[in-house]
Protein chains: 2
Amino acid sequence: MQPENEALHEIGGMIRQARLKAALTQEQVAERAGISRPRYREIEKGTAAARATTLTNVARALGLEMILVPQAMLPAIHSLMRPHEDEDLPAFAPLPDGGL
Amino acid sequence: MQPENEALHEIGGMIRQARLKAALTQEQVAERAGISRPRYREIEKGTAAARATTLTNVARALGLEMILVPQAMLPAIHSLMRPHEDEDLPAFAPLPDGGL
DNA sequence: GAGGTGTGATATGTTTAAGTATCATTTCGC
DNA sequence: GCGAAATGATACTTAAACATATCACACCTC
């Protein structure tokens, strides 16, 4: 195994998490994406770079979409993806149904 | 020239617009992205699929970032990128079906 | 413990992305 | 008009993505 690009690892990890979350097997995703299982496995593992078109197909097979966005927008997008915590919710706000 | 994927065309067009907006030559972007000008030209024109890593490098050379997002989030992201018109519903407009 | 399923892993061959080199065309300023 | 720069375009070669096939290992259930 080679030095491997770090970005490939991140992409692979994200792909894998999406697959597990969707409760799909490697074979199922590979077939949906139109690639072979060994190929999908390497993409998920991050040991080999895929083509942009292949990565797009894999992403779509998992309900994801590959897009290009201005770097300046990244923070806003990330906060969109994490509406929970870290924002403005008071940790001890009076819950509506504060039962006893 | 081959049948060409439609998605490649869209990506290429976006890349090209970003380049022109940044007032950079093909050669400059190609060098920043670490690829040759003929290769960059084909990517911009959409006649050939690039690797995901290559596309990432090209995008970054233009101030863009390639990311994977849940498909359900696309509308929200697009409205982020188009703060203009189209989303101009008055906040307190009389709703058409305010059932009463 | 035999069979089925999901995954890890490798070998071989084909396809294609990408580099280098080269030439033609357009658009500048001089 | 005449170079210089930017782009369009192609041929030839190399490196890598991808398919196909195959084996091994873990986990399960019967």
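The shown structure was predicted, so the numbers you read here are calculated from the model rather than taken from an experiment. Protein chains get the first letters and strands the later ones, always in sequence-line order, with residue 1 at the start of each.
- Distance CG/L74(B) to CD1/I67(A): 6.0 Å, rounded to 0.5 Å.
- If you check residues 29-39 of chain A against DNA chain C, the residues with a heavy atom closer than 4.0 Å are R37(A), P38(A), listed by number.
- The distance from atom CD of E44(A) to atom C1' of dT7(C) is 10 Å, rounded to the nearest whole Å.
- Rounding to the nearest 0.5 Å gives a distance of 6.0 Å between CG of L55(B) and CE of M66(B).
- The separation between R51(A) atom CZ and dC18(D) atom C1' is 6 Å, rounded to whole Å.
- Looking only at distances, no side-chain donor or acceptor of T54(B) sits under 3.5 Å from a matching main-chain atom of A50(B).
- In the displayed structure, E27(A) atom CD is contacted under 6.0 Å by at most 12 heavy atoms of other residues, nucleotides or ligands.
- Counting only heavy atoms from C-beta outward, the side chains of Y40(A) and R19(A) approach each other to under 4.5 Å.
- Residue R16(A) contributes atom CZ, which lies 11 Å from atom C1' of dG6(C) at whole-angstrom precision.
- Atom-to-atom distance recorded for T47(B):OG1 and H9(B):NE2 is 8.0 Å, nearest 0.5 angstrom.
- An end-to-end axis angle of 40° holds for the helix from dG1(C)-dC30(D) to dC30(C)-dG1(D), taken from five base pairs per end and rounded to 10°.
- Taking atom CD of residue Q26(B) and atom C1' of nucleotide dA9(D), one finds them 11 Å apart after rounding to whole Å.
- In the set dG8(D), dG8(C), dA6(D), the nucleotide with an atom closest to the side chain of R41(B) is dG8(D).
- Salt-bridge annotation for R39(B) and E42(B): present, with a side-chain N of the basic residue lying under 4.0 Å from a carboxylate O of the acidic one.
- Between L24(B) and E42(B), the residue anchored closer to the 5' end of DNA chain D is L24(B), taking for each the nucleotide with the nearest heavy atom.
- The CD atom of E27(B) sits 13 Å away from the C1' atom of dA21(C) (whole-angstrom rounding).
- The interatomic distance linking Y40(A) (OH) with dA9(C) (C1') rounds to 17 Å, in whole Å.
- Rounded to whole Å, atom P of dA16(D) lies 16 Å from atom CD1 of I43(A).
- In this structure, CG on L62(A) lies 12.0 Å from CZ on R16(A), to the nearest 0.5 angstrom.
- Distance alone, capped at 3.5 Å, places no donor-acceptor pair between the E65(A) side chain and the Q71(B) backbone.
- Of all heavy-atom pairs between A61(B) and L24(B), the closest is O-CD1, 4.3 Å.
- For K45(A) and dT10(C), the NZ to C1' distance is 12 Å, given to the nearest whole Å.
- Looking only at distances, no side-chain donor or acceptor of E44(B) sits under 3.5 Å from a matching main-chain atom of R41(B).
- Across residues 53-62 of chain A, not one residue has a non-hydrogen atom less than 4.0 Å from an atom of DNA chain C.
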